[in-house]
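For reference, the structure discussed in these notes is given below.
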Amino acid sequence: MLEKVEILMIEMIRTLNDDYIIELFRKIPKGKRLRAKLVLKIAGDSEEAYKLAAIIELIHAASLLHDDVIDDALTRRGEDSINALFGNKTSIMLGDILYSTGYAFLTSFPQNISYKISNAVALLSVGELLDVELSKKFNDNESIYMDMIYKKTASLIEAASVSAAMLCGKDIKIYETYGKNLGLAFQIIDDVLDITQDSEKLGKPSMHDFKEGKTTLPYMHMYGKLGVKDKTKLLGLFKKDLDESDRIWIKNHMGETLSLDYSINMAKKLGLEALSAISVENNNSLSKIIKEMIEREF
Ligand code: FPP
Ligand code: MG
């Protein structure tokens, strides 16, 4: 099923008649293709659904090419990132090529679908900019964090879900609630895994978010629970290169303040909201996506 999406993505890029672009595209570390899976599980396996899935994955791949430049990330999914292999300029331009190719194919879809996807890409970019701005100082405002992760991550997942529903005439509201909550939970679990998993499992350096200036939900919750002295200690570690004793201090205090449990429970709550939205649809694959996403280890 997903193999066909891979083939379509290559076919779309091939329309540019440039072998070097194909060669670069093949070097992008492959992801879970969550957004494509969503489209196909909602809209079924029509030609149009495959095309929509491929377009959304091209856009998602483009956003990560840009994100790895912004985050100075040298690895992605355990492999060298495109910016590590070919430099920032290539990574940015390949990103531009992929999302504009996706847009060219999006023009053949009905306007409500093409608007939903294009609007989500604008939100993605607003979210990424917010993430950059928030990284400048420690953020302890949970609603600002939720707004940022909605835009940065959930908006495209929501758009995948809604546009698939539009494609096959399903109830938009149901799939909006499902996609939005799945997307929010996905990013929270991502932020938890950054702390709990080792770099081998993650395919990127572990506990890197705090060093990058990202005050994710577990850090925010922990800060709220710490006494004055420990608050100062945590602020002192913000954006610093952590040594082993700093990592142990953070992990111990995450445990004492139940901050990982708080964050996982928040993701589970959002997951349950997504599950309840689609309960009337009797689609086991969509429930499975939620469960697997919450229980994932990388
Ligand atoms: C990963 O976040 C980043 C995103 C989900 C979105 C990035 C969006 C842009 C760069 C906007 C530009 C969009 C296009 C289409 C060119 P993360 O750094 O928290 O996650 P990571 O650990 O996977 O890197
Ligand atoms: Mg990143």
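Numbering of ligands and ligand atoms starts at 1, following listing order.
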> Under a 4.0 Å heavy-atom limit, does Lys152 contact ligand 1 with its side chain, its backbone, both, or neither?
Replying inline: both

>> Would the distance check show the side chain of Lys239 and the main-chain N or O of Gly213 forming a donor-acceptor pair, the cut-off being under 3.5 Å?
In response: no

> Is there a donor-acceptor pair under 3.5 Å between the side chain of Arg296 and the backbone N or O of Phe186?
Replying inline: yes

> So, does Ser125 sit close enough to ligand 1 that a heavy atom of it is under 4.0 Å from the ligand?
Replying inline: yes

> Short N/O distance, under 3.5 Å, between Asp131 and ligand 1?
Replying inline: no

> Can an N or O of Lys214 be found at a distance shorter than 3.5 Å from an N or O of ligand 1?
Replying inline: yes

> Relative to the heavy atoms of Gln187, which atoms of ligand 1 are at a distance of less than 4.0 Å?
Replying inline: 19 (O)

> Between Ile7 and Ile10, is any pair of side-chain heavy atoms under 4.5 Å apart?
Replying inline: no

> If only atom types and distance count, is the side chain of Asp71 paired as donor or acceptor with the main-chain N or O of Ala73 below 3.5 Å?
Replying inline: no

> Any idea which part of Asp191 is under 4.0 Å from ligand 1, heavy-atom wise: side chain, backbone, both or neither?
Replying inline: neither

> For Met222, does its backbone N or O pair with a side-chain atom of Ser259 as donor and acceptor, under 3.5 Å?
Replying inline: yes

> Does ligand 1 have a heavy atom under 4.0 Å from the side chain of Leu65, from its backbone, from both, or from neither?
Replying inline: neither

> Has the side chain of Ser161 got a donor or acceptor atom that lies under 3.5 Å from a matching backbone atom of Ile157?
Replying inline: no

> Counting only N and O atoms by type, is there a donor-acceptor contact under 3.5 Å from the side chain of Ser125 to the main-chain atoms of Val121?
Replying inline: yes

> Under 3.5 Å between some N or O of ligand 1 and some N or O of His66?
Replying inline: no

> N/O/S of Glu212 less than 2.8 Å from the Mg ion (ligand 2)?
Replying inline: no

> Which N/O/S atom belongs to Asp67 and is the closest one to the Mg ion (ligand 2)?
Replying inline: OD2

> Are any N, O or S atoms from Asp68 nearer to the Mg ion (ligand 2) than 2.8 Å?
Replying inline: no

> Looking at Asp71, which of its N, O or S atoms is the nearest one to the Mg ion (ligand 2)?
Replying inline: OD2

> Looking only at heavy atoms of Arg76, does any of them come nearer than 4.0 Å to an atom of ligand 1?
Replying inline: yes

> Hey, does His208 sit under 4.0 Å from ligand 1 if you only count heavy atoms?
Replying inline: no

> Is there a donor-acceptor contact under 3.5 Å from the side chain of Lys233 to the main chain of Lys229?
Replying inline: no

> Quick one: which ligand 1 atoms are inside 4.0 Å of a heavy atom on Val121?
Replying inline: 15 (C)

